[in-house]
Asks: 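Below: one structure in structure tokens.
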Number of protein chains: 2
Amino acid sequence: MKSDKISEAVVRRLPVYLRFLNDLNKREISTVSSQELGQKLDLNPAQIRKDLAYFGDFGRKGIGYDVPYLIEKIRHILKLDQPINVALVGAGNLGHALSNYNAYLKDTMKITAVFDAYEPKVGQKIHSLTVQPMSELQETVRSQGIRIGIITVPDQEAQNVADLLIEAGIEAILNFAPVILKTPPYVRVHAADFTTDLQSLAYYLQDGKEEEPNEQ
Amino acid sequence: MKSDKISEAVVRRLPVYLRFLNDLNKREISTVSSQELGQKLDLNPAQIRKDLAYFGDFGRKGIGYDVPYLIEKIRHILKLDQPINVALVGAGNLGHALSNYNAYLKDTMKITAVFDAYEPKVGQKIHSLTVQPMSELQETVRSQGIRIGIITVPDQEAQNVADLLIEAGIEAILNFAPVILKTPPYVRVHAADFTTDLQSLAYYLQDGKEEEPNEQ
DNA sequence: TAGATTGTTAATCGATTAACAATC
DNA sequence: TAGATTGTTAATCGATTAACAATC
């Protein structure tokens with residue numbers, strides 16, 4: 001068990017490993033090698049071994065990795081072995097979509113509160129949750145021990161919401177609004193901006209196809 | 001205008017530059033330096049200059065970059081100066097949310113068709129679009145010259161949908177399903193999997209807070 | 001024992017940053 | 001001319017991959 005600084009790239013691969021391992025586990029496959037993992041996940045086996053070795057000696061030479069054991073270890077590293085409450089701010093279409101995944105995020109991470117600034121939205125039900133007004137954010141975040149905030153509000157409001165969340169004591173933010181949030185260094189922000197994704201995809205389109213969509 | 005291979009990291013930053021430049025433009029600010037850009041976007045000015053210089057000499061020494069000119073250039077690089085039609089497969093909550101952004105993606109990129117495998121969904125309206133059955137995918141993609149596909153179906157169906165899109169001639173995929181798609185090398189895939197985002201965020205939470213949410 | 005596969009070191013590759021001459 | 005800022009080269013930093021001894 002060593003402990004250099006772990007790079008973000010490594011941390012971002014761990015959930016991908018976990019997802020696939022859970023899959024194997026469901027299929028009752030109990031051992032997997034870095035080679036197999038690499039094949040399925042499109043990664044270099046050496047990279048996978050190295051990633052895992054940052055956190056401990058999880059494998060067995062000549063054998064591979066024990067699936068349930070590795071799942072347990074990665075869940076621990078990612079802190080998914082403890083309950084983590086999440087607040088969702090913005091009960092629009094995207095917010096609705098995300099709260100759907102609550103079941104899917106079975107683990108121990110869970111959206112436990114939804115907020116919206118728009119009066120008529122307040123009081124509405126989203127699955128088992130009731131949309132709360134922004135005025136209750138501070139207190140709810142504290143009383144529920146919420147540690148992560150998801151921002152799905154319009155861009156102009158995103159920074160304000162971020163400020164509120166941070167003031168309430170949130171530690172990390174997943175931001176779906178297409179803006180760069182200014183936050184103190186102790187708050188981790190991940191951008192989940194699909195317009196950026198889509199626009200960078202366009203770069204990779206073949207050239208030359210200068211329009212010939214026959215309107216049929 | 002040089003032309004090495006452009007790294008993915010560079011391409012992913014271009015839309016971020018573009019977004020901010022559009023902002024400046026709206027505010028009628030006509031010139032910007034790499035220093036200002038770097039400050040606002042949390043990037044190193046040298047990196048910004050280098051990124052842009054890959055594609056040409058867009059700036060002026062001692063002055064900076066002309067905002068409208070740089071916008072035009074980046075739009076061209078990203079191919080956003082030509083119409084790009086997009087198909088959305090999966091008219092669930094997430095699909096709905098994304099099609100909302102159609103207006104926002106004002107540029108020339110546009111979702112022009114929505115498909116769903118679930119009978120009762122077919123025929124429903126999403127804004128100005130009508131949900132079509134999967135059986136029409138092939139023909140619609142061809143007749144509308146659709147080049148990008150967005151996948152918002154359940155994980156088990158994602159690979160099938162990808163195969164269908166590719167067979168229909170799509171060139172790039174934005175995949176919201178939490179699976180690694182197997183695709184031929186000429187099809188570009190970007191993963192937009194928010195569960196992965198969220199789980200990697202958990203890693204950065206402070207340790208030690210072993211639960212004290214006072215249920216109030 | 002022979003075959004397989006890890007953990008890890010060293011080599012490679014690539015991306016970021018610093019520094020500065022060119023020039024507006 | 002003096003000040004500002006680019007484009008670019010060189011230096012640094014970091015991440016990926018190859019190779020292999022250790023060992024199941």
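Naming convention: chains lettered A, B, ... in sequence-line order (proteins, then strands); numbering from 1 in each chain.
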Asks: When you match K50(B) and Q35(B) each to their closest nucleotide on DNA chain D, which lands nearer the 5' end?
Replies: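 That would be Q35(B).
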Asks: What contact category does R60(B) fall into here, base, sugar-phosphate, or nothing, at under 4.0 angstrom with non-hydrogen atoms?
Replies: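 Sugar-phosphate contact only.
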Asks: Distance check needed: dA15(C) P versus L43(B) CG, whole Å only.
Replies: 15 Å
Asks: Measure from the side chain of K61(B), starting at C-beta and using heavy atoms only, and say which of dT6(D), dT8(C), dT17(C) lies closest.
Replies: dT6(D)
Asks: So, is S34(B) close to the dT5(D) phosphate, meaning a side-chain N or O under 4.0 Å from OP1 or OP2?
Replies: no
Asks: Please state whether the phosphate of dT16(C), meaning OP1 or OP2, lies under 4.0 angstrom from any side-chain nitrogen or oxygen of R13(B).
Replies: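 So the side-chain polar atoms of R13(B) do come within 4.0 Å of the phosphate oxygens OP1 or OP2 of dT16(C), strictly under.
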Asks: When the nearest nucleotide of DNA chain C is assigned to V10(B) and to G62(B) on a heavy-atom basis, which residue is associated with the more 5' position?
Replies: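 Residue closer to the 5' terminus by nearest nucleotide: V10(B).
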Asks: Are the charged groups of D51(B) and R13(B) less than 4.0 angstrom apart, N to O?
Replies: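 Salt bridge present between D51(B) and R13(B).
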Asks: Is the shortest heavy-atom distance from the side chain of F194(B) to the side chain of F176(A) under 4.5 Å?
Replies: yes
Asks: Using atom OH of Y54(A) as one end and atom P of dT16(D) as the other, report the distance to the nearest whole Å.
Replies: 8 Å
Asks: Report the nucleotide, chosen from dT8(D), dG7(C), dT17(D), that has the shortest atom-to-atom distance to any side-chain atom of D57(A).
Replies: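 Looking only at heavy atoms from C-beta outward on D57(A), the closest nucleotide is dG7(C).
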Asks: Check step by step if salt bridge (Lys or Arg N to Asp or Glu O under 4.0 Å) holds for R12(B) and E8(B).
Replies: CA-CA 6 Å; R12(B) 284 196 164 273; E8(B) 185 176 333; 3.2 Å; yes
Asks: Let's see if you can work this out: which of dT17(C), dG7(D), dT16(D) has an atom nearest to the side-chain heavy atoms of Q47(A)?
Replies: dT16(D)
Asks: Round to a whole Å and report the spacing from CD of E8(A) to P of dT16(D).
Replies: 11 Å
Asks: Whole angstroms only, please: what is the CD1-C1' distance between I63(A) and dG7(C)?
Replies: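 Going from CD1 in I63(A) over to C1' in dG7(C) covers 15 Å.
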Asks: Please report the distance, rounded to the nearest Å, between CG in D51(B) and P in dT17(C).
Replies: 10 Å
Asks: Given atom CD1 of I48(A) and atom C1' of dT5(C), what is their separation to the nearest angstrom?
Replies: 13 Å
Asks: Whole angstrom is fine here: how far is it from CG in D42(A) over to C1' in dT16(D)?
Replies: 15 Å
Asks: Could you check whether any side-chain heavy atom of Q159(B) comes within less than 4.5 Å of a side-chain heavy atom of K182(B), counting everything from C-beta outward?
Replies: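 They are in contact (side-chain heavy atoms under 4.5 Å apart), so the answer is yes.
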Asks: Taking side chain as C-beta onward, heavy atoms only, is I71(B) less than 4.5 Å from N25(B)?
Replies: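 The answer is yes; the side chains approach within 4.5 Å.
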Asks: How do Y65(B) and S7(A) order along DNA chain D: which one's closest nucleotide is nearer the 5' end?
Replies: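 By nearest-heavy-atom nucleotide position, the 5'-most residue is Y65(B).
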Asks: Take the protein atom CG of D66(A) and the nucleotide atom C1' of dT6(C), then report the distance between them rounded to whole Å.
Replies: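 Between C1' of dT6(C) and CG of D66(A): 14 Å.
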Asks: Would K73(B) pass as a cation-pi partner of F55(B), given that its NZ or CZ must be under 6.0 Å from the six-membered ring centre and within 45 degrees of the axis?
Replies: no
Asks: What's the closest nucleotide to the side chain of A9(B) if the choices are dC24(C), dT16(C), dT17(D)?
Replies: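 Selected nucleotide (nearest to the side chain): dT16(C).
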Asks: Output the single nucleotide from dA18(C), dC24(C), dG7(C) whose closest atom is nearest the side chain of N44(B).
Replies: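 Closest nucleotide to the N44(B) side chain: dA18(C).
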Asks: With both distances kept under 3.5 Å, what pairs with dA21(D), Watson-Crick or G-U wobble?
Replies: dT6(C)
Asks: Nearest nucleotide by nearest heavy atom, which residue falls closer to the 5' end of DNA chain C, R49(B) or L52(A)?
Replies: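 That would be L52(A).
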Asks: For dG14(C), what is the paired nucleotide under Watson-Crick or G-U wobble rules, both distances under 3.5 Å?
Replies: dC13(D)
